[in-house]
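Read through the structure below, which is laid out as structure tokens, and then see the notes.
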Amino acid sequence: IMGVLILKYFFELKLNEIIKNSFAKKVSKQVMNELLKNPEDDVLSAKTVETTIYFSDIRNFTSIFEKLKNPQKIMSFLNFYMDAMVKVIEKNHGTIDKFIGDAVMAYWNAPTKVKNHADKALQTAINQINMRDNLNKTIKKEYGFEIDYGIGINTAEVLAGEMGSKGRSDYTIIGDGVNLASRLEGLCKAYKVRLIISEFTKDQLNENYTIQLLDIVQVKGKNEPIKIYEVLAVDNPSETKKHELELYYEAHNLYLKASFSIAREKFEYLHNKYKKYLYKLYLQRCEELKTKNIQNFDGVFRFTTK
């Protein structure tokens with residue numbers, strides 16, 4: 001019995017060491033403590049799990065890179081920016097997957113379960129957008145420019161586990177849902193917004209938000225179209241915003257029915273009144289589409305580039 005207890009003790013020590021090595025830089029101290037309190041020998045094993053996946057990216061980073069030139073300045077700026085973004089992710093129990101240049105990939109609900117993971121991811125993004133002005137005060141003072149960033153969020157079943165080559169592996173997630181989250185972040189540029197979520201994330205939300213349908217799209221590499229949304233605020237829409245959204249959905253429904261001339265008039269009114277780029281985008285689409293004899297219009301906008 002003593003021998004079994006000793007073996008169990010050393011096994012748990014080894015398992016704790018493996019967990020620390022795998023997750024020390026990926027999760028908050030709170031999540032790490034949870035993992036160490038309840039170590040599982042299969043925590044690194046590949047498994048299918050529903051996660052909410054997050055990508056963020058700095059806009060026009062190439063021009064910023066060229067402006068800074070000094071390598072130390074570039075790294076100092078990136079470290080300052082990444083530190084601020086990561087703190088919000090960790091506070092909301094997210095797992096940092098990797099940094100890809102100026103981009104951040106994270107996810108919720110792995111390696112430990114996170115209740116309401118779609119809400120946690122979304123609230124992280126909203127907090128990050130809300131802190132942009134304060135970040136820019138420091139960035140402007142220290143580096144001489146201001147930044148903006150886009151965030152894409154998707155909820156999907158993925159494969160999670162330790163992956164890589166022998167002697168060089170990492171805990172991560174893979175699957176189509178990851179690729180879609182990355183595509184959504186890229187689409188922020190096309191719609192001139194800071195945050196896009198998929199219909200799959202929207203369906204998982206439990207809290208109240210002001211959400212606007214942006215489009216029905218087919219992204220490059222996917223066969224099925226999906227609905228994408230911009231999240232405008234936490235809580236229900238104000239009466240003013242509710243009125244604007246009602247007008248927008250009225251115009252959008254006409255667009256989906258291929259009533260482009262009438263829809264165009266409504267989008268023109270919306271754009272003149274609210275100056276939102278989305279309304280200008282649909283206004284332009286309607287102008288182009290009404291001159292074409294389109295049969296069986298499905299309302300799907302197909303992106304041919306990432």
Side-chain angles (χ1 to χ4, degrees), residues 55 57 59-60 122 125-126 129-130 132 148-154 180-203 205 208-220 222-306:
F55 278 86
D57 186 67
R59 293 288 163 258
N60 304 313
L122 180 53
I126 292 170
I129 289 167
N130 289 342
R132 189 181 65 94
D148 207 350
Y149 36 86
I151 300 171
I153 295 175
N154 179 44
L180 179 55
S182 177
R183 296 285 189 275
L184 296 183
E185 179 276 310
L187 290 186
C188 288
K189 300 171 192 173
Y191 294 90
K192 297 188 187 301
V193 298
R194 295 191 178 109
L195 172 59
I196 293 179
I197 67 170
S198 70
E199 61 181 276
F200 312 115
T201 296
K202 179 179 177 292
D203 289 346
L205 297 174
N208 294 322
Y209 306 91
T210 300
I211 298 177
Q212 182 170 16
L213 173 69
L214 287 174
D215 211 347
I216 304 169
V217 301
Q218 184 179 329
V219 299
K220 186 175 172 61
K222 296 287 287 183
N223 295 322
E224 293 297 319
I226 64 158
K227 291 179 180 178
I228 61 172
Y229 297 84
E230 179 185 12
V231 182
L232 303 168
V234 177
D235 213 347
N236 291 317
S238 64
E239 287 303 314
T240 303
K241 182 57 70 174
K242 195 181 292 184
H243 177 64
E244 178 187 342
L245 291 175
E246 285 171 358
L247 292 174
Y248 166 67
Y249 285 122
E250 185 182 335
H252 194 266
N253 285 333
L254 288 166
Y255 167 80
L256 293 178
K257 292 175 182 176
S259 300
F260 301 123
S261 293
I262 307 171
R264 184 207 169 282
E265 292 175 9
K266 293 187 179 293
F267 283 122
E268 184 175 33
Y269 172 81
L270 281 161
H271 183 251
N272 289 337
K273 185 172 177 62
Y274 299 105
K275 308 300 180 188
K276 186 177 173 77
Y277 176 75
L278 180 66
Y279 308 146
K280 182 181 179 181
L281 181 68
Y282 276 108
L283 172 59
Q284 292 170 341
R285 279 193 199 172
C286 288
E287 286 177 345
E288 292 173 10
L289 290 167
K290 72 178 183 178
T291 63
K292 300 175 182 177
N293 185 24
I294 297 176
Q295 300 295 320
N296 302 317
F297 180 68
D298 61 4
V300 177
F301 190 86
R302 292 169 175 84
F303 285 90
T304 55
T305 57
K306 292 182 182 179

Could you pull out all residues at least two apart from [X] that satisfy salt bridge (Lys or Arg N to Asp or Glu O under 4.0 Å)?
| X | result |
| --- | --- |
| Glu239 | Lys242 |
| Lys241 | Glu244 |
| Lys276 | Glu230 |

Strictly distance-based, threshold 3.5 Å: is any side-chain N or O of [X] a donor or acceptor partner for the main-chain N or O of [Y]?
| X | Y | value |
| --- | --- | --- |
| Asp215 | Val217 | no |
| Thr210 | Val234 | no |
| Ser259 | Ile262 | no |

Which pair of non-hydrogen atoms, one from [X] and one from [Y], has the smallest distance, and what is that distance?
| X | Y | result |
| --- | --- | --- |
| Phe260 | Leu289 | CE2-CD1, 3.6 Å |
| Glu199 | Pro225 | OE2-O, 4.4 Å |
| Gly299 | Tyr255 | O-CE2, 4.4 Å |
| Phe200 | Asn154 | CD1-OD1, 3.4 Å |
| Ile153 | Ala125 | CD1-CB, 3.8 Å |
| Leu195 | Ile126 | CD2-CG1, 4.1 Å |

Qualifying residues under ring pair (Phe, Tyr, Trp, His ring centres under 6.0 Å), relative to Tyr248, sequence neighbours excluded: His252, Tyr279

List the atom pairs, donor and acceptor, that lie under 3.5 Å between side-chain atoms in residues 180-188 and the rest of the protein, sequence neighbours left out.
unit_1	atom_1	unit_2	atom_2	d
Arg183	NE	Lys220	O	3.2
Glu185	OE2	Arg59	NH1	3.2
Glu185	OE2	Arg59	NH2	3.0

Steps toward side chain to side chain contact (heavy atoms under 4.5 Å, CB included) verdict (Val193, Leu214): CA-CA 10 Å; Val193 298; Leu214 287 174; 4.3 Å; yes

Side chains of residues 265-272: which donor-acceptor partners sit under 3.5 Å, not counting sequence neighbours?
unit_1	atom_1	unit_2	atom_2	d
Lys266	NZ	Glu250	OE2	3.1
Glu268	OE1	Arg264	NH1	3.0
Asn272	ND2	Glu268	O	3.2

Rounded distance [0.5 Å steps], OG1 in Thr201 versus CD1 in Ile228: 12.0 Å

Flag if over 12 foreign heavy atoms under 6.0 Å of NZ, Lys280: no

Residue pair Tyr277, Tyr191: steps toward the ring pair (Phe, Tyr, Trp, His ring centres under 6.0 Å) verdict: CA-CA 7 Å; Tyr277 176 75; Tyr191 294 90; 8.0 Å; no

side-chain hydrogen bond (donor to acceptor under 3.5 Å, both in side chains) between Arg194 and Tyr149, worked out: CA-CA 6 Å; Arg194 295 191 178 109; Tyr149 36 86; over 6 Å; no

